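Source: prediction; values computed, not measured. The residues of the chain are indexed from 1 along the displayed sequence. As the structure lists them, so they are numbered: ligands from 1, and atoms in each ligand from 1.
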Amino acid sequence: MTTTPVDIVLVRGDITEQTVDVIVNAANSSLLGGGGVDGAIHRRGGPEILEDCRRLRASHYGKGLATGRAVATTAGRLRAGHVIHTVGPVWSKEEDRSALLASCYGQSLALARELGAETVAFPAISTGIYGWPLDSGAGIAVRVARAHSGPPLKEIRFVLFDTEAYQAFERALQK
Ligand code: ADP
């Protein structure tokens, strides 16, 4: 059996405009919305996503979603089959939280594959409001994408909002 290698693709733009099987959201543990990517996904995706998140809070995730974990909902009006919500760690100078950031990418990819996804779009998790340095965040994202990229996945797309983030991911891919 031959396995097709997964394409790791960089796009500069808005993650809510992607047409993919799964869009990953840099959520917070409440699952009830926030700023940055989270705000944009709920705005563009419409109220169905929030309804699904509320149902999750009312059932298995009464205390919210722990850092490093991932969970799927409908994608509402987005051009995707599902949104996977994952909670990135807040950057800390004192404590190495890299394993938690790696877990966000790893759990999201595992869940996307369980859902049968061929294409997945990620933002640069934790590098916005949560303050993670871009080069470090990009390095972790690319390393985990390379390691967790089995079938049915065909494309892992990193959607970077600005030039700085795009260039950090370019540098990470060149390594
Ligand atoms: P976190 O709280 O995990 O840091 P943010 O949403 O604040 O998450 O930011 C994560 C990254 O996503 C940042 O690099 C930010 O510039 C970027 N970003 C913000 N909005 C969008 C968007 N609509 N599409 C893609 N990336 C975005």
Side-chain angles (χ1 to χ4, degrees), residues 8-50 53 61 64-109 111-112 117 119-145 155-173:
I8 299 180
V9 176
L10 306 186
V11 171
R12 198 179 148 188
D14 183 335
I15 198 163
T16 65
E17 287 169 7
Q18 307 301 307
T19 304
V20 282
D21 294 322
V22 164
I23 290 177
V24 177
N25 180 18
N28 59 55
S29 65
S30 80
L31 289 175
L32 301 178
V37 175
D38 202 7
I41 283 178
H42 284 287
R43 258 193 317 278
R44 285 288 285 267
E48 275 181 50
I49 301 177
L50 193 57
C53 287
Y61 297 93
L65 186 65
T67 306
R69 302 288 303 275
V71 72
T73 66
T74 173
R77 296 186 205 124
L78 297 174
R79 288 192 297 270
H82 302 270
V83 169
I84 289 180
H85 306 262
T86 188
V87 183
V90 175
W91 165 256
S92 162
K93 258 194 211 160
E94 292 77 32
E95 192 188 357
D96 181 6
R97 299 177 178 166
S98 308
L100 287 169
L101 185 55
S103 169
C104 288
Y105 288 103
Q107 288 215 0
S108 297
L109 285 170
L111 186 51
T119 51
V120 180
F122 278 100
I125 300 166
S126 286
T127 67
I129 298 161
Y130 284 0
W132 204 284
L134 270 172
D135 278 303
S136 165
I140 291 167
V142 167
R143 172 172 62 74
V144 179
E155 181 187 323
I156 298 172
R157 188 183 305 175
F158 291 106
V159 184
L160 295 323
F161 214 39
D162 54 32
T163 311
E164 223 191 320
Y166 187 90
Q167 288 172 347
F169 274 74
E170 270 188 327
R171 284 191 291 275
L173 268 185

Margin query: Below 4.0 Å, non-hydrogen atoms only: which portion of Ala40 touches ligand 1? Side chain, backbone, both or neither.
Written below: side chain
Notebook entry, point to check: Any ion pair linking Glu17 and Arg44 (charged N to carboxylate O, less than 4.0 Å)?
Noted result: yes
Item checked: Residue, atom name and distance, where the atom is the protein heavy atom closest to atom 23 (N) of ligand 1 -> Asp14 OD1, 3.0 Å
Margin query: For atom 16 (O) of ligand 1, what's the nearest protein heavy-atom neighbour? Residue, atom name and distance, please.
Written below: Phe161 CB, 3.9 Å
Notebook entry, point to check: Short list, please: which atoms of ligand 1 are under 4.0 Å from a heavy atom of Ala124?
Noted result: 10 (C), 11 (C)
Notebook entry, point to check: If you draw a 6.0 Å radius around CD in Glu164, do more than 12 non-hydrogen atoms from other residues or ligands fall strictly inside?
Noted result: no
Notebook entry, point to check: If you measure from CG on Leu50 to OG1 on Thr74, what distance do you get to the nearest 0.5 Å?
Noted result: 12.0 Å
Check: Per the side chain to side chain contact (heavy atoms under 4.5 Å, CB included) rule, which among Ile84, Val144, Ile156 passes with Ser108?
Finding: Ile84
Checklist line | Between CD1 on residue Ile125 and OH on residue Tyr105, distance to nearest 0.5 Å | finding: 4.0 Å
Item checked: Side-chain donor/acceptor of Ser126 to backbone N/O of Pro89, under 3.5 Å -> yes
Note to self: Can you tell me how far apart CG (Asp14) and CG (Leu160) are? Round to the nearest 0.5 Å.
What the structure shows: 12.0 Å
Item checked: Atom of Cys53, atom of His42 and distance for their closest heavy-atom approach -> SG-CE1, 4.2 Å
Notebook entry, point to check: Any heavy atom of Gly13 sitting closer than 4.0 Å to ligand 1?
Noted result: yes
Next item on the list: Check ligand 1 against Ala26 and write out every atom of the ligand that is under 4.0 Å from a heavy-atom position of the residue.
Entry: 3 (O), 8 (O)
Notebook entry, point to check: Tell me: protein heavy atom nearest atom 7 (O) of ligand 1, and distance?
Noted result: Ile129 N, 2.9 Å
Next item on the list: For atom 13 (C) of ligand 1, grab the closest protein heavy atom and report residue, atom and distance to one decimal in Å.
Entry: Thr127 OG1, 3.4 Å
Next item on the list: For Gly36, take its heavy atoms, then give the atoms of ligand 1 lying under 4.0 Å from any of them.
Entry: 6 (O), 20 (N)
Notebook entry, point to check: Of the protein's non-hydrogen atoms, which lies at the shortest distance from atom 3 (O) of ligand 1, and what is that distance?
Noted result: Ser126 N, 2.9 Å
Margin query: How far is atom 18 (N) of ligand 1 from the closest protein heavy atom, and which atom is that?
Written below: Val37 CG2, 3.5 Å
Next item on the list: Could you tell me the separation between the CG atom of Leu101 and the CH2 atom of Trp132, rounded to the nearest 0.5 Å?
Entry: 5.0 Å
Checklist line | Nearest-contact summary for atom 24 (N) of ligand 1 - protein heavy atom, Å | finding: Ile15 N, 2.9 Å
Notebook entry, point to check: Should Gly88 be listed as contacting ligand 1, given a heavy-atom distance under 4.0 Å as the test?
Noted result: no
Item checked: Gap between atom CD1 of Ile49 and atom OG1 of Thr73 - 0.5 Å precision -> 5.5 Å
Next item on the list: Give yes or no for whether the N/O distance cutoff of 3.5 Å, strictly under, is met between Leu134 and ligand 1.
Entry: no
Margin query: I'd like to know if Thr16 contacts ligand 1, where contact means a heavy-atom distance under 4.0 Å to any ligand atom.
Written below: no
Notebook entry, point to check: Measuring from the heavy atoms of Ala165, does anything fall under 4.0 Å of ligand 1?
Noted result: no
